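Remarks on the structure that follows.
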Amino acid sequence: MDGTVALVTGAAGGLGSAVASGLAREGAVVVVVGRSTTRAEEAMEGIRRLVPDALLEPLVCDLSVQSSIHTAAADFLSRHDRLDVLVNAAGVFRKQRQVTSDGLELTFATNVMAYFLLTNLLLDALKYAATTGGNAVTAKGPAASLRVSRIVNIASRYGNAKLNFDDLQTANGTYSYLRSTPPTMLARVLLTQEFAERLRGSGVVANAVHPGLVKNTSLLMDVGGPFRWITNTFGAPAGKAADTPIWLATSLETAGVSGQLWAKRKELPTPGMGSDPEARKRLWDACAHLAGMS
Ligand SMILES: NC(=O)c1ccc[n+]([C@@H]2O[C@H](COP(=O)([O-])OP(=O)(O)OC[C@H]3O[C@@H](n4cnc5c(N)ncnc54)[C@H](OP(=O)(O)O)[C@@H]3O)[C@@H](O)[C@H]2O)c1
């Protein structure tokens, strides 16, 4: 991936850090997003311990705040005209309901709106990279003509979760993380499908990943209890869980696929609302409205 630029959110966390390390090992310049300068620097130190010659740049962004996302995107675009790989991996899992300065519920703001807004703000750079080689530089054989940039959205299997379009901010009734969080995983899948659809023919592909349980990350620190114990006992290490996102971000084999959910390098079905084009359009419109883009 020499000569390519990747941006990874959540790069200070377990899975994001492992993905960023993998992309750095492949030779990409990796823009490491942290919520503060300190977190971005800590993230870079962690990656450098694994990949001493990593080409890294910090980017500060509080992904729960839309003005911060706008500032970070502008900062990125002032440094780079191309983006070959965007990995959205930042996320939260919160026991108590919190509201951001934009008036959104924190889980929805971070897990959904940040994916939507940051990706939209970086689309031109993704499209530009697709027209100027990028991942195609090292392609050989029939794939040599493939010019592609990639969006990889970390998501999850979402079980029976549905989006309640009348209460996307989990404001009604009693808040619980089981009500707020699984629908955000479905939302990530739906946004991935919608980006894939809208980007068809542009050279930019978008895919989502179910990483399975990833052990010993910070995600469940707030929730604790048996859920965290199960994840830390039976989950995979972040380095192993990063295999599929890195494969989607780098492999020639995956350069032509878009709009799918993957786990362990295999396509997963997206049942229920995950197969409903109406739901994904409705979610897109709701996000666009909340981001002031409609
Ligand atoms: N662990 C699992 O079993 C599992 C399963 C399915 C899906 N996932 C998904 O995988 C992704 C990575 O999770 P993980 O397990 O590696 O958790 P993690 O260690 O908690 O990593 C999450 C990362 O997101 C960052 N983040 C959260 N809110 C942010 C904000 N407002 N601004 C900037 N950065 C922010 C965190 O930064 P700070 O450290 O500074 O807060 C952290 O670097 C998440 O999207 C999660 O939903 C995880």
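This one's a predicted model, so the numbers in the text were calculated from it and none came from an experiment. Every number for a ligand or one of its atoms is a count from 1 in the order of the listing.
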More than 12 heavy atoms of other groups within 6.0 Å of Asn216 CG: yes
Part of Pro211 within contact of ligand 1 (heavy atoms, under 4.0 Å): side chain
Heavy-atom check, side chain of Phe76 versus side chain of Val5, under 4.5 Å: yes
Leu63, portion touching ligand 1 at heavy-atom distance under 4.0 Å: both
Heavy atom of protein closer than 4.0 angstrom to atom 36 (C) of ligand 1: no
Structural part of Ala155 in contact with ligand 1, heavy atom criterion under 4.0 angstrom: backbone
Residue Ala12 vicinity, atoms of ligand 1 by number, heavy atom under 4.0 Å: 43 (O)
Sub-3.5 Å N/O-N/O distance, Val214 and ligand 1: yes
Pairs touching residues 52-72 that satisfy side-chain hydrogen bond (donor to acceptor under 3.5 Å, both in side chains), sequence neighbours left out: Glu57-Arg79, Glu57-His80, Asp62-Ser64
Region of Asp62 engaging ligand 1 - heavy atom pairs below 4.0 Å: both
Sub-3.5 Å N/O-N/O distance, Gly34 and ligand 1: no
Location of contacts on Ala89 toward ligand 1, heavy atoms closer than 4.0 Å: backbone
Heteroatom proximity flag, Gly13 to ligand 1, N/O under 3.5 Å: yes
For ligand 1, the portion of Arg188 having any non-hydrogen atom under 4.0 Å away: side chain
OG-CD distance between Ser180 and Gln98, expressed to the nearest 0.5 angstrom: 10.5 Å
Met185 heavy atom under 4.0 Å from ligand 1: yes
Within reach of ligand 1, part of Thr231 (heavy-atom separation under 4.0 Å): side chain
Atom 33 (C) of ligand 1: the protein heavy-atom neighbour that sits closest, reported with distance to 0.1 Å: Cys61 O, 3.3 Å
Residue pairs fulfilling ring pair (Phe, Tyr, Trp, His ring centres under 6.0 Å) with at least one residue in residues 87-114, sequence neighbours excluded: Phe93-Tyr177, Phe93-Phe227
Nearest heavy-atom neighbours spanning Ala242 and Pro245: O-CD, 3.3 Å
Which residue and heavy atom of the protein sit nearest atom 41 (O) of ligand 1, plus the separation: Arg35 NH2, 2.9 Å
Gly14, any N or O under 3.5 Å of ligand 1 N or O: yes
Under-4.0 Å heavy-atom contact with ligand 1, by part of Ile154 that carries it: side chain
Part of Met221 within contact of ligand 1 (heavy atoms, under 4.0 Å): neither
Thr110-ligand 1 polar pair, N/O distance under 3.5 Å: no
4.0 Å heavy-atom contact, Gly212 with ligand 1: yes
